[in-house]
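Below is one structure, written out as structure tokens; the observations come after it.
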Amino acid sequence: MKILVCISHVPDTTSKINFTDSDTKFDTNGVQFVINPNDEFGLTRAMWFKEKQGASVDVVNVGGAETEPTLRKALAIGADSAIRVNAEATDGLFVAKQLAQVVKDGGYDLVIAGRESIDYNGGMVPGLLAGIIDANFVNTCIGLDIEGTTATATREIDGGKETLTTVLPLVVGGQKGLVEESDLRIPNMRGIMMARKKPLKVIDAVAATEATKSVQFEKPAPRGEVKLVSADNIDELVDLLHNEAKVI
């Protein structure tokens with residue numbers, strides 16, 4: 001079984017976010033980048049298939065040279081090889097078309113992507129990719145087993161979980177729960193040294209039209225001042241909620 005794991009290069013959630021050029025561009029200065037958490041759950045599950053079922057695991061990213069350390073980390077975790085599509089990932093459809101070409105060229109049976117990246121939270125790429133390559137698709141996936149060409153997947157739905165079966169080729173939009181957080185892997189020294197020798201192939205982007213464009217970014221408004229009310233002064237609290245906040 002050939003597995004392709006899609007890796008997004010995203011800012012660490014502890015990073016301070018700023019914008020430049022009249023708030024039209026993201027300022028990367030001083031920002032620490034990591035593997036998108038939803039993708040990391042998928043990569044960890046792919047490693048289980050590699051170790052238990054002998055699957056091969058490749059990772060792919062659409063981005064510039066600055067994303068290669070993130071791909072190298074995925075290699076250090078245990079992926080066999082990496083592919084970087086040399087293009088800026090500015091639009092979900094554009095990214096999906098690049099990934100679709102990689103899947104077609106590589107003949108992959110299973111594609112694992114995060115259900116969304118934590119930078120733009122578009123949540124479009126896995127579904128668009130499945131549509132382009134005409135593969136089955138399971139989103140918000142929190143459980144996945146493969147036997148032969150049959151996949152059993154569990155996904156999160158409103159108010160519960162749904163378990164279904166489908167066949168390969170399959171695209172999965174994974175998230176927290178696909179593996180336990182305690183199963184996530186930190187690259188060790190041996191893995192880091194081996195990653196330096198593993199292939200990282202850079203390919204040109206295929207022609208594709210971008211369907212959307214970011215016009216401007218806006219940071220959330222700062223929180224307003226708060227009033228502290230003594231726990232013993234219930235009357236004042238009720239008065240403020242009724243006359244000032246107008247919530248009761």
Side-chain angles (χ1 to χ4, degrees), residues 1-9 34-62 67-85 99-100 102-115 117 125-126 129-130 133 135-155 163 165-203:
M1 179 169 59
K2 293 188 67 176
I3 302 175
L4 182 68
V5 182
C6 304
I7 300 293
S8 291
H9 174 77
V34 297
I35 297 176
N36 180 48
N38 287 319
D39 301 341
E40 194 168 3
F41 286 111
L43 176 59
T44 304
R45 189 58 181 163
M47 296 311 304
W48 186 92
F49 288 124
K50 176 181 177 179
E51 294 165 359
K52 303 297 183 182
Q53 298 183 0
S56 65
V57 178
D58 297 340
V59 292
V60 62
N61 166 262
V62 179
T67 69
E68 291 189 5
T70 297
L71 285 174
R72 288 292 179 191
K73 180 180 178 182
L75 292 173
I77 288 173
D80 298 306
S81 66
I83 302 166
R84 179 173 68 82
V85 181
L99 296 176
V102 172
V103 174
K104 292 174 182 177
D105 291 343
Y108 294 97
D109 305 296
L110 174 64
V111 181
I112 304 178
R115 66 179 178 90
S117 59
V125 172
L129 171 60
I133 65 175
N136 294 315
F137 175 51
V138 178
N139 203 18
T140 61
C141 187
I142 55 174
L144 181 65
D145 290 295
I146 308 288
E147 288 293 338
T149 60
T150 301
T152 301
T154 302
R155 70 187 192 101
T163 299
T165 59
T166 185
V167 295
L168 304 179
L170 173 66
V171 177
V172 167
Q175 63 177 51
K176 181 180 179 179
L178 192 55
V179 297
E180 298 296 329
E181 287 191 71
S182 58
D183 292 329
L184 296 177
R185 304 183 180 194
I186 299 174
N188 55 32
M189 184 56 65
R190 181 172 182 272
I192 293 171
M193 297 301 293
M194 291 180 64
R196 296 178 180 177
K197 300 179 181 180
K198 292 180 179 179
L200 195 164
K201 183 180 180 181
V202 180
I203 62 176

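Count residues from 1 along the sequence.
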- Query: Going from CG on N136 to CG on L168, what distance comes out if it is rounded to the nearest 0.5 angstrom?
  - Reply: 8.5 Å
- For T165 and T152, does a side-chain donor sit closer than 3.5 Å to a side-chain acceptor? no
- Task: With sequence neighbours excluded, tell me which residues meet side chain to side chain donor-acceptor pair (under 3.5 Å) with E68.
- Result: R84
- Message: Tell me which one of V59, V103, V60 satisfies side chain to side chain contact (heavy atoms under 4.5 Å, CB included) with C6.
- Response: V60
- Minimal heavy-atom distance between L75 and P199, with the atoms involved, is CD1-O, 4.3 Å
- Message: What's the separation between atom CZ in R185 and atom CD1 in I77, rounded to the nearest 0.5 Å?
- Response: 8.5 Å
- Query: Do T70 and H9 have side-chain atoms, one donor and one acceptor, less than 3.5 Å apart?
  - Reply: yes
- Task: Measure from the side-chain N and O atoms of K50 to the backbone N and O of V57, and report whether any donor-acceptor pair falls under 3.5 Å.
- Result: no
- Task: Return the minimal non-hydrogen interatomic distance between L71 and L200, and the atom names on each side.
- Result: CB-CD1, 4.2 Å
- Mind listing the closest non-hydrogen atom pair of I146 and Q53 along with its distance? O-NE2, 3.1 Å
- Task: State the CG-CE distance between L184 and M47, to the nearest 0.5 angstrom.
- Result: 13.0 Å
- Query: Could you state the interatomic distance from CG (L43) to CG (N38), rounded to the nearest 0.5 Å?
  - Reply: 13.0 Å
- Note on the structure: Nearest heavy-atom approach of A100 to I133 is CB-CG2, 3.7 Å
- Could you verify whether a donor N or O on one side chain and an acceptor N or O on the other, from S8 and N36, lie under 3.5 Å apart? no
- If you measure from CE on M1 to CG on L110, what distance do you get to the nearest 0.5 Å? 6.0 Å
- Message: Check whether F49 forms a cation-pi arrangement with R45 (NZ or CZ under 6.0 Å from the six-membered ring centre, at most 45° off the ring normal).
- Response: yes
- Task: For the residue pair P126 and R115, establish whether any side-chain heavy-atom pair is separated by less than 4.5 Å.
- Result: no
- Query: Among T149, L144, I112, D109, which one satisfies side chain to side chain contact (heavy atoms under 4.5 Å, CB included) with L170?
  - Reply: L144
- Query: Just wondering, more than 12 heavy atoms not from K201 lying within 6.0 Å of its NZ?
  - Reply: no
- Task: Return yes if some donor-acceptor pair links the side-chain N/O of K2 with the main-chain N/O of G106 below 3.5 Å, else return no.
- Result: yes
- Item | Flag for T44-D183: side-chain donor and acceptor within less than 3.5 Å | no
- Query: Sequence neighbours excluded, which residues qualify as side chain to side chain donor-acceptor pair (under 3.5 Å) partners of D105?
  - Reply: Q101
- Task: Please round to the nearest 0.5 Å and tell me the distance separating atom OG of S117 and atom CD1 of I35.
- Result: 14.0 Å
- Task: Work out which heavy atom in F137 is nearest to a heavy atom in A130; give both atom names and the distance.
- Result: CB-CB, 3.6 Å
- Mind checking side chain to side chain donor-acceptor pair (under 3.5 Å) for N188 and listing every partner two or more places apart, or none if nothing turns up? none
- Query: Counting only N and O atoms by type, is there a donor-acceptor contact under 3.5 Å from the side chain of K198 to the main-chain atoms of A82?
  - Reply: no
- Closest approach of L178 to G42 (non-hydrogen atoms, all atoms of both residues): CD2-CA, 3.7 Å
